[in-house]
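Reminder, nothing fancy here: chain letters follow the sequence lines and each chain counts from 1. This one's a predicted model, so the numbers in the text were calculated from it and none came from an experiment.
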There are 2 protein chains.
Amino acid sequence: MTDQPIDSKLNARSRIVEAARQLFFRQGYTATGMSQILKVADVRSGSLYYFFPSKAHVLRAVLETYLDLLEPNILRPAFERAADPLERLFAVLDGYRQLLQASNFELGCPIGNLALELSASHPQARPLIAENFEAWSIAITALIESFADRLPRDVRPATLARHVQATMEGAIVLARAYHSVEPFDQAMHQLRDYVERLLRDGAIQGGPSDRAAEQP
Amino acid sequence: MTDQPIDSKLNARSRIVEAARQLFFRQGYTATGMSQILKVADVRSGSLYYFFPSKAHVLRAVLETYLDLLEPNILRPAFERAADPLERLFAVLDGYRQLLQASNFELGCPIGNLALELSASHPQARPLIAENFEAWSIAITALIESFADRLPRDVRPATLARHVQATMEGAIVLARAYHSVEPFDQAMHQLRDYVERLLRDGAIQGGPSDRAAEQP
DNA sequence: GTCTATAACTCGATAGAC
DNA sequence: GTCTATCGAGTTATAGAC
């Protein structure tokens, strides 16, 4: 339900990357052996090492795949459930909530997992991990920008997006530790309360006409 | 600077736990071998397996140690730097910022690391991991409760503490991935903005005298 | 309680035929 | 591109003397 068996019609390289992706997500990078990847991908070691000189290169391919998966796996499903930008934002967050529950809290955010596991020991992977976080926060920034005129003037969309991202990542950590959505829901409740207060304070501060007249 | 060499005057059991704690913190549980623990603790395997029947039992001892370290390592230093409860809260958070920088982003939150690495694969460890998170959030809840009368009535201290915790944990994930305090600072900036707005809205809603007169 | 030696296995990676 | 067979090192854990 949370990950598909690997399509045997895919070529060997794609099967390897997909198998590694699923295994790294469930078990982590270090805990996943090459032999396990070979088995799930239904490939022999000669083929794997033909495409990838080392396990670290498989990781690189997995992280590149996640860049491609952001739109179809994370953003699009959420955007189809809501039209309003603010609701789209919370629909993205709710997507992670659904995954936590559907996987019995075994799956959260694959990038967050790898960030903590590998940031110190595998510096080569760090830029790609950061790139994944950056793509996510840019997408959230774009959503926030589309209602930024209703926020207090001193709230910067990119900074607020980063805050949303941090709260999300941490909420996933807590939910997985507690095996419960309660800490996740508590964090999201306060996050929504914050955004609502920002919108109220933005409305008090002045509507769009006030802003247009604001040039000196 | 970020972790001490192990005191050779400690008994073997303590040296083992301390060595394991430091190694798990820096490298993770799976990536740390028993042989490494033996080397750092300066103990032979016969001694280790005399005290702990398996690696998982060493982990358990490490997680129990962290419960004891919360007060002296996290809370007390922060409480000594600030007297006001609100500033104490942000002093705790700043302690993690200092550790991130002092360790060149190799060390963040040991519990967060283990939560993501082991929640799925080592269910036996999960309750102890949750217990550590719980102790932290209880301490933060106590701080918030001491100025709860200045917050809007519908803000529950425990829920706000959970939000603070989630934002912190996620901010650490991002800082380590980016090798920069910027995402950490952005998340903390918005968190402080949120708390300040709560205090302003709480003041508008009514001071302590209003609250006392509120019983029906 | 601590020592040495090692069993039983898995790890990432390679060689060389086809 | 894919196969089988395997290398050498490392893994967790154990045996048995002291």
Side-chain angles (χ1 to χ4, degrees), chain A residues 6-63 65 113-114 117-118 120-125 128, chain B residues 6-63 65 113-114 117-118 120-125 128:
Chain A
I6 289 162
D7 186 346
S8 57
K9 275 169 285 183
L10 290 175
N11 59 34
R13 203 197 121 103
S14 302
R15 291 207 307 280
I16 290 164
V17 175
E18 178 59 16
R21 191 184 68 76
Q22 292 183 13
L23 288 164
F24 293 168
F25 194 9
R26 286 202 169 273
Q27 308 179 331
Y29 175 78
T30 310
T32 298
M34 294 296 255
S35 61
Q36 241 180 322
I37 297 174
L38 297 174
K39 199 165 157 186
V40 173
D42 191 29
V43 156
R44 257 50 57 198
S45 75
S47 296
L48 196 157
Y49 283 97
Y50 172 80
F51 292 109
F52 302 101
S54 78
K55 189 183 176 184
H57 288 78
V58 177
L59 172 65
R60 165 167 287 272
V62 166
L63 285 168
T65 299
N113 297 352
L114 294 172
E117 184 183 356
L118 303 174
S121 57
H122 290 61
Q124 327 87 310
L128 259 174
Chain B
I6 288 162
D7 187 347
S8 57
K9 276 169 285 185
L10 290 175
N11 59 34
R13 203 198 120 102
S14 302
R15 290 206 308 281
I16 290 164
V17 175
E18 178 59 15
R21 192 185 67 77
Q22 292 183 13
L23 289 164
F24 292 169
F25 195 9
R26 287 202 169 274
Q27 309 179 331
Y29 175 79
T30 311
T32 298
M34 293 297 255
S35 60
Q36 241 180 321
I37 297 174
L38 297 174
K39 198 166 159 185
V40 173
D42 191 30
V43 156
R44 259 49 57 199
S45 75
S47 297
L48 196 157
Y49 284 97
Y50 172 79
F51 292 110
F52 303 101
S54 77
K55 190 182 176 185
H57 287 78
V58 178
L59 172 65
R60 164 167 289 273
V62 166
L63 285 168
T65 299
N113 297 351
L114 294 172
E117 184 183 356
L118 303 174
S121 56
H122 290 63
Q124 327 87 310
L128 260 174

Of all the heavy-atom pairs spanning A/Lys55 and A/Phe24, show the shortest one and how long it is. CE-CE2, 4.5 Å

Side-chain heavy atoms of A/Leu59 within contact of A/Phe52, under 4.5 Å: no

Using a 4.5 Å cut-off on heavy atoms from C-beta on, say whether the side chain of B/Ile6 contacts that of B/Asp42. no

Readout for nucleotides 1-14 of chain C: B = base within 4.0 Å of protein heavy atom, S = sugar-phosphate only, - = neither; 5' to 3' it is BBBBB-----SSBB

N-O pairing of A/Arg21 and A/Glu18 below 4.0 Å: yes

Which residues in residues 14-22 of chain B have at least one heavy atom lying under 4.0 Å from any atom of DNA chain D? none

Report the distance from atom OG1 of A/Thr65 to atom CZ of A/Arg60, rounding to the nearest 0.5 Å. 12.0 Å

Checking side chain to side chain contact (heavy atoms under 4.5 Å, CB included) against B/Phe51, which of B/Val58, B/Ile16, B/Val17 comes through? B/Ile16

Quick one: CD on A/Gln36 to CD on A/Gln22, what's the gap to the nearest 0.5 Å? 12.0 Å

